[in-house]
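What follows is a short report on a single structure.
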Amino acid sequence: MSTTPAISALRGMLAGLEAERLPGGTQFFHLGAPRADATLGGPLACGALHEIFAAEAGDMAAAAGFALALALRAAAGRPAGETRPLLWVRQETVDAEAGRLAADGLLTLGIDPARLLLVRAPGAEAALRAADDAARCAALGAVILEPWGEPKALDLTATRRLSLRAGESGVPLLMLRPSGRPGPSAGATRWRIRAAPSRALAGEAPGAPGFLVELLRHRAGHAGGSWHLEWNHETRSFHDDVALPRFVVPVPVRRETGQAATGTTALRESARQLPFRRAG
Amino acid sequence: MALDAPDGLVLDISGCAHLFGGEVALRTRLLAHLKRHGLTAYAVVASTPDAARAPVRCGLGGLIAPGEEARRLSGLPVAALGLAPATASGLSRAGLKTLGDLAGRPATPLAARFGEEMLVKLRRTLGLEDARIVPRRPLPDCIAERRFAEPIARECDIEGSLALLVGEVGRMLEARGEGGRAFEASFFRTDGAVRRLTVETARPSRDGASLARLFREKLDSLADPLDPGFGFDLVRLAVLRAEPLAAAQIGLDGRINEDEEIAALVDRLTTRLGRERVLRFMLRDTHNPSRAGALVPAIDGPAAPSPAEAEAETLPRPITLFEPPQPIEALAEVPDGPPLRFRWRRVLHEVARAEGPERIAPEWWRLLAAPTAPEGARTRDYYRVENREGRRFWLFRAGLYERGGGTPRWFLHGLFP
């Protein structure tokens, strides 16, 4: 098969346009959970914008925990990433709705509170601007941006700019959306988080934090995965060899199927049926 | 402290008298010190600067309690007001010899004849009106200024002059082996108004480019922008606080460079958003969850390493805390057991798993300081519960059944991921 020079020139141009070719985008990270990583079809880019949505208002804390865990994984994917500070830009409104961040809770998740810088932004625009500045600072391990609701300033252009900044500096940028629905965005991945029943410890005590994670979009690979992940704060890694909990977990996407899925197979089935959606 | 010409000093002692054992002790001690230096002095403590000044001019001393000014000062001669000689002689010629005479007169004719200034002084002396002193400022370590024959008003001129001044100050600091932590730019307007802008840095700095950027950031983020009016004819840059700063060698791994980068980011965000918005955590050694992690301005310095025992903490803690804790309606199976179900923000949660109680008693030494804190004063039994959807909460019951004191109430204090 012979290709004309024009086509190979076009290929070269397209390759140049790919986000992964940017200098900062060469670092990657895994979730650490074998099955989920296999479905993802490759590692995730560090220098990119990842969006994390809470499935419902009650899942705000779960989404925050997942974002922090993902930030730790992403920071660890960079050289000397275990010690680099993280920056959390939080719109002030979130403090009233979800409570203020607690140092002890950060320790519980496996991050030293001294490593975290917190910016309390008075509004969404100030938060975006602070995140924009932070994403340019290559010395940071990761940046978490947490705007409230669906601010006007957070449009396709803004997310495009943020993901370019992340690509240039290589700093992972996680946008945590405790409320608000997915809109058009230039993010590399988009996750929807739901709290999952944990594996009970002795005496019916709640165990390690569990998340029902849905991958709504993934620019560089397959989207539409859905896993039950558990965070281990000692190894600072996710794992998904979780025996399914006793309780019935309704899978939210296919409401019309009616009955809740029961057991491992049903969950897997519905995971496979998840529609491939690209918003934006 | 302010000068009171020709031979007086006015000290603002609001809020610091108790450090010297009260106003009486402060005054006695001050006079004793002055006497040891061979100075004769009179001192009066009063609630306004003018009320203290008037008796001192007449060679009196003592304490004037608030509200007593009119009674105590009415016998003083009008000269105590410190008026111009012409006004004072005019008053005495009119037969008005004491402050009491003046205070008894209607104000309007007096103002018409002797001027408004005299009445203002009288009101301030009698404590009817308050006035603050104009303090002498400590002279900064390092100052650079530019005077302009032609006042400047354009933004680019202002920024340009600041950039020049920052460079000058940087060279001065370098010669002294120091770096500044706080810088103040003063803009003197042609009509006499002075506007001051302060910029702080997380670590000593003398880098002209980054300081100029911080000032530009500050100018951009001002709520009420710098109003040049008819222009500024003097711009002054002062270093308010300087610390030793050795010339830094960038390591081969570039790590020094990275710390600098983060400090620069903190400076920029702090300049734009304010000190109280760019924070870092400081762990306190306490078992009280509300007090365990304090947030301090990040610009005040690098974080102290977390205490070693914090690492050994085994009990899980929530990632977010509600301050104050949110009241919930809870139903428990047994009086001192975990709740079966509870209602928070109008949603009913069925508890599937629970761990507890973890009993946290208030810190009794704080109770002694504030005995009237009923909610905080009760022992709390904390439960870590998980509802059927897998959401995890941190609940507590305030108060114990066996101690009495009413039915214990339930609160939600935090959320787990």
Side-chain angles (χ1 to χ4, degrees), chain A residues 57-66 68-69 80 84-85 87 92 98-109 112-122 126 129-130 133-134 136-140 194-198 200-201 203-207 209-212 231 245 247 249, chain B residues 253 255 257-262 264-266 268-269 272-273 276-284 289 292-295 298 302-306 310-311 313 315-323 345 347 349 352-356 384-393 413-417:
Chain A
D59 297 313
M60 279 188 286
F66 182 79
L68 197 61
R84 286 173 195 260
L87 186 105
E92 226 171 6
R100 61 169 178 79
L101 286 176
D104 283 351
L106 299 174
L107 268 179
T108 306
L109 279 178
D112 180 1
R115 241 182 99 191
L116 188 80
L117 287 165
L118 179 67
V119 176
R120 298 177 68 226
R129 208 168 149 209
D133 271 354
R136 266 187 278 189
C137 180
L140 287 173
R194 192 175 280 280
S198 59
L201 305 173
E204 281 297 287
F211 310 98
L212 273 182
W231 176 249
F247 311 118
V249 182
Chain B
D253 56 352
R255 282 314 290 246
N257 214 349
E258 293 201 338
D259 288 352
E260 291 286 340
E261 256 182 75
I262 287 169
L265 176 71
V266 167
R268 206 153 60 234
L269 293 175
R272 192 188 312 145
L273 300 168
E276 305 304 317
R277 293 191 177 274
V278 185
L279 307 159
R280 65 169 91 237
F281 285 100
M282 191 184 69
L283 281 184
R284 288 209 196 103
L295 284 165
S306 301
E311 301 287 348
E313 182 88 55
L315 287 167
R317 287 281 184 250
I319 186 168
T320 59
L321 283 180
F322 289 100
E323 288 305 336
R345 288 185 176 167
V347 179
H349 298 275
R353 300 203 173 101
E355 183 189 41
R384 208 155 59 85
V385 305
E386 179 175 311
N387 73 0
R388 291 201 186 278
E389 283 89 50
R391 293 171 189 154
R392 287 164 282 273
F393 307 89
H413 200 170
L415 303 172
F416 287 95

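Convention: sequence-line order gives letters A, B, ...; per-chain numbering from 1.
A/Leu109 touches chain B through its side chain: at least one heavy atom from C-beta onward sits under 4.5 Å away, while N, CA, C and O do not. Heavy-atom distances place the side chain of B/Leu273, and not its backbone, under 4.5 Å from chain A. Heavy atoms of B/Arg392 lying under 4.5 Å from chain A belong exclusively to its side chain. Contacts of B/Leu321 with chain A are made by both backbone and side-chain atoms, with heavy-atom separations under 4.5 Å. Only the side chain of B/Leu269 comes within less than 4.5 Å of a heavy atom of chain A; its backbone N, CA, C and O stay farther away. Heavy-atom distances place the side chain of B/Val266, and not its backbone, under 4.5 Å from chain A. Proximity to chain B (any heavy atom under 4.5 Å) is shown, for A/Ala138, by both the backbone and the side chain. If you measure heavy-atom distances from A/Ala196 to chain B, the contacts under 4.5 Å come from the backbone alone. For a residue to count as touching a neighbouring chain, one of its non-hydrogen atoms must lie under 4.5 Å from one of that chain's; by this rule B/Arg268 touches chain A with the side chain only.
What you find for B/Glu386 and A/Pro197 is that their closest heavy atoms are OE2-CA, 3.1 Å. Looking at every heavy atom in both residues, B/Arg317 comes nearest to B/Phe416 through C-CE2, 3.2 Å. Across all their heavy atoms, B/Ile262 and A/Pro85 have their closest contact at CD1-CG, 3.1 Å. The nearest pair of heavy atoms linking A/Glu204 to B/Ala352 is OE1-O, 4.3 Å.
With chain A as partner, the option from B/Glu355, B/His413, B/Arg391, B/His349 having the largest number of non-hydrogen pairs under 4.5 angstrom is B/Arg391. Per-residue counts of heavy-atom pairs under 4.5 Å with chain A were compared for B/Ala294, B/Ala354, B/Pro318; the largest is that of B/Ala354. Of the listed residues B/Val385, B/Leu415, B/Ile319, the one with more heavy-atom pairs under 4.5 angstrom with chain A than any other is B/Ile319. Highest contact tally toward chain B, considering only A/Ala63, A/Ala69, A/Gly105, is held by A/Gly105 [criterion: heavy-atom pairs under 4.5 Å]. Ranked by heavy-atom pairs under 4.5 Å with chain B, the list A/Ala102, A/Gly65, A/Ala130 is led by A/Ala102. Of the residues considered (A/Pro209, A/Gly210, A/Ala126, A/Pro122), A/Pro122 shows the highest number of contacts with chain B, using heavy-atom pairs under 4.5 Å. Ranking A/Leu68, A/Leu201, A/Leu116 against chain B, the residue ahead of the rest is A/Leu116, based on heavy-atom pairs under 4.5 Å. Comparing A/Gly203, A/Ala62, A/Ala98 by heavy-atom pairs within less than 4.5 Å of chain B, the highest count is held by A/Ala98. In terms of heavy-atom pairs under 4.5 Å with chain B, the best-connected choice from A/Gly207, A/Ala134, A/Ala121, A/Ala103 is A/Ala103.
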Q | Pair A/Arg120-A/Arg100, side chain to side chain contact (heavy atoms under 4.5 Å, CB included): steps then yes or no | A | CA-CA 10 Å; A/Arg120 298 177 68 226; A/Arg100 61 169 178 79; over 6 Å; no
Q. Between A/Leu101 and B/Thr320, is a side chain to side chain contact (heavy atoms under 4.5 Å, CB included) present by the stated rule, with each step listed?
A. CA-CA 4 Å; A/Leu101 286 176; B/Thr320 59; 4.2 Å; yes
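A/Arg136 pairs by the side-chain hydrogen bond (donor to acceptor under 3.5 Å, both in side chains) definition with A/Asp132, A/Asp133, not counting sequence neighbours. Remark: A/Phe211 pairs with A/Phe66 by the ring-ring contact (aromatic ring centres under 6.0 Å, His included) rule, at least two apart or across chains.
For the pair A/Leu140/B/Leu265, a side-chain contact is recorded, criterion being any heavy-atom separation below 4.5 Å from C-beta on. The shortest side-chain heavy-atom distance between B/Leu295 and B/Phe281 falls under the 4.5 Å cut-off.
Note on B/Glu389 versus A/Arg194: no salt bridge recorded, every NZ/NE/NH1/NH2 to OD/OE distance being 4.0 Å or above.
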